[in-house]
Amino acid sequence: MTTTTQEKYELTITADNLISTDTRFNIDNLFLGDNYEPIDAYYVTSDNKLIRRKRNKGEQRISNQTLPRLAIQVFEKQLVALSEEDKKNFPICKYSPGQALISGIFSSVEGFRDYKKTVEYLIYRRAGGPQLVIYSWNMFSTLRFVQECVKRFGKQGEKFVLIYRDKTEKKKKDDKVEKIIIDDTEKTLIECKIPYSKLLLESKTSSSEAPQALANRILPSRSQPT
């Protein structure tokens with residue numbers, strides 16, 4: 001029995017360009033990020049030093065949130081120093097030319113959800129101040145944010161690098177089930193006017209709890225998808 005090694009792709013994010021070794025990459029269709037999973041992410045400084053994510057306790061080694069969290073880590077001081085207006089208008093995601101721009105860096109989940117009613121977000125926990133919350137979903141969803149960070153705060157020649165590969169068919173199927181469960185849970189919480197609990201917040205932050213288990217714990221009386 002022979003095993004086939006999955007091809008790896010490298011996406012380079014500079015102030016001026018987003019270039020991938022994957023010929024299917026298209027900046028005007030970031031929905032394609034649903035089809036990939038990250039392998040590694042790092043920042044290359046002007047003197048060619050590599051910076052990687054310093055993970056919090058319970059944080060996954062690599063996930064769709066690793067790259068944007070790394071961008072916040074590298075430029076935390078500059079992002080925190082932005083005016084409230086600049087934070088509000090900071091670009092995060094534009095999936096395609098026909099989609100609205102998603103923007104905003106928030107200091108709480110509640111503030112984020114006043115802007116956008118979704119569980120598609122990441123939380124960056126700071127040791128000495130308010131947390132930072134931005135929109136985040138698939139692997140490409142925060143590329144606009146990451147590039148804007150380099151453009152505004154990076155030095156000449158600095159860049160982020162994202163290494164990734166295609167998801168397996170099983171992974172794609174599992175992620176579709178996850179999205180259905182999350183959407184259904186979110187819809188029910190909104191309809192019932194149930195506030196987002198600490199349980200949901202912690203599960204989203206750590207990404208350690210299975211979506212089905214999360215749905216069961218939040219809505220134990222609801223019948224679950226088969």
Side-chain angles (χ1 to χ4, degrees), residues 7-46 50-53 55 59-76 78-79 82 86-106 112 115-116 118-124 132-167 171-172 175 178-179 204 207:
E7 185 173 358
K8 297 178 182 179
Y9 307 106
E10 182 174 300
L11 174 62
T12 303
I13 306 159
T14 67
D16 302 314
N17 290 299
L18 290 95
I19 301 173
S20 177
T21 57
D22 178 11
T23 57
R24 296 165 296 179
F25 177 76
N26 183 352
I27 189 61
D28 289 332
N29 184 8
L30 297 184
F31 291 110
L32 292 173
D34 290 341
N35 300 320
Y36 303 103
E37 59 183 3
I39 299 173
D40 194 9
Y42 53 89
Y43 189 65
V44 184
T45 66
S46 57
L50 267 58
I51 300 176
R52 283 190 162 83
R53 173 71 182 134
R55 291 178 288 147
E59 185 177 331
Q60 290 180 315
R61 188 192 68 79
I62 188 73
S63 74
N64 290 343
Q65 298 187 354
T66 301
L67 177 64
R69 281 201 176 112
L70 174 61
I72 298 175
Q73 173 187 310
V74 172
F75 298 115
E76 181 177 343
Q78 294 92 325
L79 290 168
L82 291 172
D86 283 342
K87 288 177 183 174
K88 177 182 176 182
N89 294 316
F90 204 95
I92 307 295
C93 175
K94 191 175 179 68
Y95 282 107
S96 70
Q99 296 285 315
L101 174 68
I102 300 171
S103 59
I105 301 171
F106 301 87
F112 171 83
Y115 165 72
K116 192 171 180 63
T118 181
V119 295
E120 299 173 1
Y121 59 82
L122 72 80
I123 300 171
Y124 182 89
L132 300 178
V133 183
I134 65 170
Y135 176 84
S136 176
W137 186 243
N138 76 27
M139 197 185 71
F140 291 157
S141 63
T142 54
L143 290 183
R144 182 76 178 265
F145 167 75
V146 173
Q147 184 177 39
E148 188 70 17
C149 286
V150 184
K151 187 181 297 184
R152 294 196 191 193
F153 313 126
K155 297 179 181 179
Q156 182 69 31
E158 296 191 330
K159 60 186 178 182
F160 284 96
V161 177
L162 176 65
I163 310 297
Y164 64 98
R165 64 189 171 201
D166 290 281
K167 289 179 181 176
K171 176 65 173 171
K172 288 180 183 179
D175 286 350
E178 175 182 353
K179 186 67 165 68
K204 181 66 180 176
S207 301

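All figures in this text were calculated on a predicted structure; none of them were measured in a lab.
Atom CG of Leu18 is separated from atom CD1 of Ile27 by 4.5 Å, given to the nearest 0.5 angstrom. Taking CZ of Arg69 as the reference point, atom OG of Ser63 lies at 6.0 Å (rounded to 0.5 Å). Rounding to the nearest 0.5 Å gives a distance of 12.0 Å between CZ of Phe31 and CG of Asn26. Rounded to the nearest 0.5 Å, atoms NZ (Lys159) and OG1 (Thr45) are 11.0 Å apart.
Inter-residue side-chain proximity for Leu79 and Cys149 is flagged as met; some heavy-atom pair is nearer than 4.5 Å. Counting only heavy atoms from C-beta outward, the side chains of Leu162 and Thr66 never approach each other to under 4.5 Å. By the 4.5 Å heavy-atom criterion applied to side chains, Leu11 and Leu143 are counted as neighbours.
A distance-only check finds a donor-acceptor pair linking the side chain of Asn138 to the backbone of Leu30 [under 3.5 Å]. Between the side chain of Gln65 and the backbone N or O of Tyr121 there is at least one donor-acceptor pair closer than 3.5 Å. A distance-only check finds a donor-acceptor pair linking the side chain of Lys167 to the backbone of Asp34 [under 3.5 Å].
Between the side chains of Thr118 and Tyr135, no donor-acceptor pair is found at a separation under 3.5 Å. In the model, Tyr43 has no side-chain atom that pairs as donor or acceptor with a side-chain atom of Gln73 under 3.5 Å.
Ring geometry for Phe75 against Phe153 counts as tilted: the plane angle lies between 30° and 60°, on a 0 to 90° scale.
Judged as a side chain to side chain donor-acceptor pair (under 3.5 Å), and not counting sequence neighbours, the contacts of Asp40 are Arg52. Under the rule for a salt bridge (charged side-chain N to carboxylate O under 4.0 Å, His left out), Glu158 has no partner lying at least two apart in sequence or in another chain. Residues meeting the ring pair (Phe, Tyr, Trp, His ring centres under 6.0 Å) test with Phe106, sequence neighbours left out: Phe112, Tyr115. Listed by chain and number, the residues in a salt bridge (charged side-chain N to carboxylate O under 4.0 Å, His left out) with Arg53 are Glu59 (sequence neighbours excluded).
Heavy-atom minimum distance, Asn17 versus Gln147: N-NE2, 3.4 Å. Scanning all heavy atoms of the two residues, the minimum distance from Ile134 to Thr142 falls at CD1-CG2, 4.3 Å.
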> How far apart are the C-alpha atoms of Ile72 and Ile105, what are their side-chain angles, what is the distance that settles it, and do they pass the side chain to side chain contact (heavy atoms under 4.5 Å, CB included) test?
Replying inline: CA-CA 10 Å; Ile72 298 175; Ile105 301 171; over 6 Å; no
>> What verdict does the side chain to side chain contact (heavy atoms under 4.5 Å, CB included) test give for Tyr95 and Ser141, after you've listed the backbone C-alpha separation in whole Å, the side-chain angles of each residue and the deciding distance to 0.1 Å?
In response: CA-CA 7 Å; Tyr95 282 107; Ser141 63; 3.4 Å; yes
> Between Phe145 and Ser136, does a side chain to side chain contact (heavy atoms under 4.5 Å, CB included) hold up when you go through it step by step?
Replying inline: CA-CA 10 Å; Phe145 167 75; Ser136 176; over 6 Å; no
> What's the verdict on side chain to side chain contact (heavy atoms under 4.5 Å, CB included) for Ile62 and Ile39, showing C-alpha distance, side-chain angles and the deciding distance?
Replying inline: CA-CA 7 Å; Ile62 188 73; Ile39 299 173; 5.8 Å; no
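Within the structure, salt bridge (charged side-chain N to carboxylate O under 4.0 Å, His left out) contacts touching residues 86-95 (residues at least two apart or in different chains) are Glu84-Lys87. Residue pairs meeting the salt bridge (charged side-chain N to carboxylate O under 4.0 Å, His left out) criterion with at least one member in residues 10-22, sequence neighbours excluded: Asp22-Arg24.
At a threshold of 4.0 Å, the pair Arg165-Glu7 does not count as salt-bridged, since none of the basic side-chain nitrogens sits closer than that to a carboxylate oxygen.
Ring centroids of Phe25 and Tyr36 are separated by 6.0 Å or more, keeping the two rings apart.
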